[in-house]
Amino acid sequence: MTRPHRIAVAGAGMAAARLAQQLRDRTPPDAAEVTLYGAEPHPPYNRALLTAAVTGRHDPETLGLPYGDGTVLRTGTRVAAVDRAARVLRLSDGTTAPYDTLVLATGAAPVLPYELRGPRPARVHLLRTLADARALARDARDSARAVVVGGGVLGVSTAHALAGLGTRTDLVHAGPHLMHRHLDAGSAADLHRLLAGLGITARTGTRPTGLHGSPAVTAVTLADGDKLEADLVVLACGVRPRTGLARAAGLRVARGVVVDDRLTTSDPHVHAVGDCAEHRGTLHGLAGPAWDQADVLAARLADHITGVPPRARHTGSRPVLRLAADGLHLAAFGNPAAPAGHDVLRLADARRGTSTRLVLHGDRLTGGALLGDTGTAGDLLTLWRRADPLPGDPARLLVPEGAST
């Protein structure tokens, strides 16, 4: 009797859970043995909802993700090393495990400013894990003044969550404007004003140079000389792919673990998906592209296991950023810039606090940002993804009734 194909997944996050679920849906029950190795003590959960867990909008116990009936889950068990020649994993508990196919889904780790590395006062938090969210929620209950460092997606979401709990919040961002990887300067200025209306003071173009207080934090100093009082600090300064395991195993690594359109690394028996994977020179760091990769790899592995020539290819993702919370609704997609030869259509309604910016190339949509009212996002995303021609008067499609240009 042929034994099942052993698929080991280093990581038990969102990409790993999606891959395992898809494999279970695509393969006969006894054809594959799928094992997830996760460093955290929890089953896979939706990391995108961590800020909602901080506010109490979601109970942390309800964030779990499906990962396929029959999948073996080893929580609290990190893959410490890979012997590619023998196809054996060395685990953090000292045991070993063989594999036929290895998938690296090791995710990404928080990046800290150089000045803030090393020991830190109490009540200084990261927000990357469920344990982080629980600790932050606990300290936020009795915090009057908070500083969030980092004005990307996580930083903006976290500042919004803390402000919603009644905490006076400063948001500090080293970039030229908020969410500079996803928004143009004009849309970011609209976001800046929206956050101000929610009681959040955003400061851009500066960075923290030190934390003060003992045993708990009391203030943050900035490079521009300002000093912000704080009894709670959140460091949301971005993430970096976890590549240590791949690098130690001798796999090709650039910024992330390098994969081709088959999501295969420099070893044909090892693949990578999610935040740790670098495909065609691109790192995404969003759930959508990670799930796209997991779906393609699951299809390829299922075909291989069932004797069908694998045909699925990952040619890239078109990620969409969405934020949806009380008082904060944002959708952004495509290239926020307007290269030469492109046109910009910008629509705003100051009374309603909404704005829409579309980047057009001829009669095609190449990017956009919607703030405050994202009701037209679905139609716009369809046009963008399909590269369909826009109607003769695009404003008729996207302007909510009563808005002004």
More than 12 foreign heavy atoms under 6.0 Å from [atom1] of [X]: is that the case here?
{"X": "Glu229", "atom1": "CD", "answer": "no"}
{"X": "Asp93", "atom1": "CG", "answer": "yes"}
{"X": "Arg252", "atom1": "CZ", "answer": "no"}
{"X": "Arg84", "atom1": "CZ", "answer": "yes"}
{"X": "Arg90", "atom1": "CZ", "answer": "no"}

Between the side chains of [X] and [Y], does any donor sit under 3.5 Å from an acceptor?
{"X": "Thr209", "Y": "Thr221", "value": "yes"}
{"X": "Thr101", "Y": "His5", "value": "yes"}
{"X": "His180", "Y": "His173", "value": "yes"}
{"X": "Arg168", "Y": "Thr201", "value": "no"}
{"X": "His269", "Y": "Arg87", "value": "yes"}

Within the 4.5 Å heavy-atom criterion, are [X] and [Y] side-chain neighbours or not?
{"X": "Leu50", "Y": "Asp132", "answer": "no"}
{"X": "Tyr99", "Y": "Val270", "answer": "yes"}
{"X": "His342", "Y": "Thr366", "answer": "yes"}

So, [X] and [Y], do they make that salt bridge, N to O below 4.0 Å?
{"X": "Asp303", "Y": "Arg311", "value": "no"}
{"X": "Asp275", "Y": "Arg242", "value": "no"}
{"X": "Arg3", "Y": "Asp100", "value": "yes"}
{"X": "Arg57", "Y": "Asp326", "value": "no"}
{"X": "Arg352", "Y": "Asp373", "value": "yes"}
{"X": "Glu40", "Y": "Arg47", "value": "yes"}
{"X": "Asp190", "Y": "Arg346", "value": "yes"}
{"X": "Arg134", "Y": "Glu61", "value": "yes"}

Where do His284 and His279 land on the ring-ring contact (aromatic ring centres under 6.0 Å, His included) test, with the steps shown first? CA-CA 9 Å; His284 286 293; His279 174 257; 8.3 Å; no
Is the backbone of [Y] close enough, under 3.5 Å, to the side chain of [X] for a donor and an acceptor to pair up by distance?
{"X": "Glu278", "Y": "Gly256", "value": "yes"}
{"X": "Thr243", "Y": "Val253", "value": "no"}
{"X": "Arg18", "Y": "Asp292", "value": "no"}
{"X": "Arg117", "Y": "Leu112", "value": "yes"}

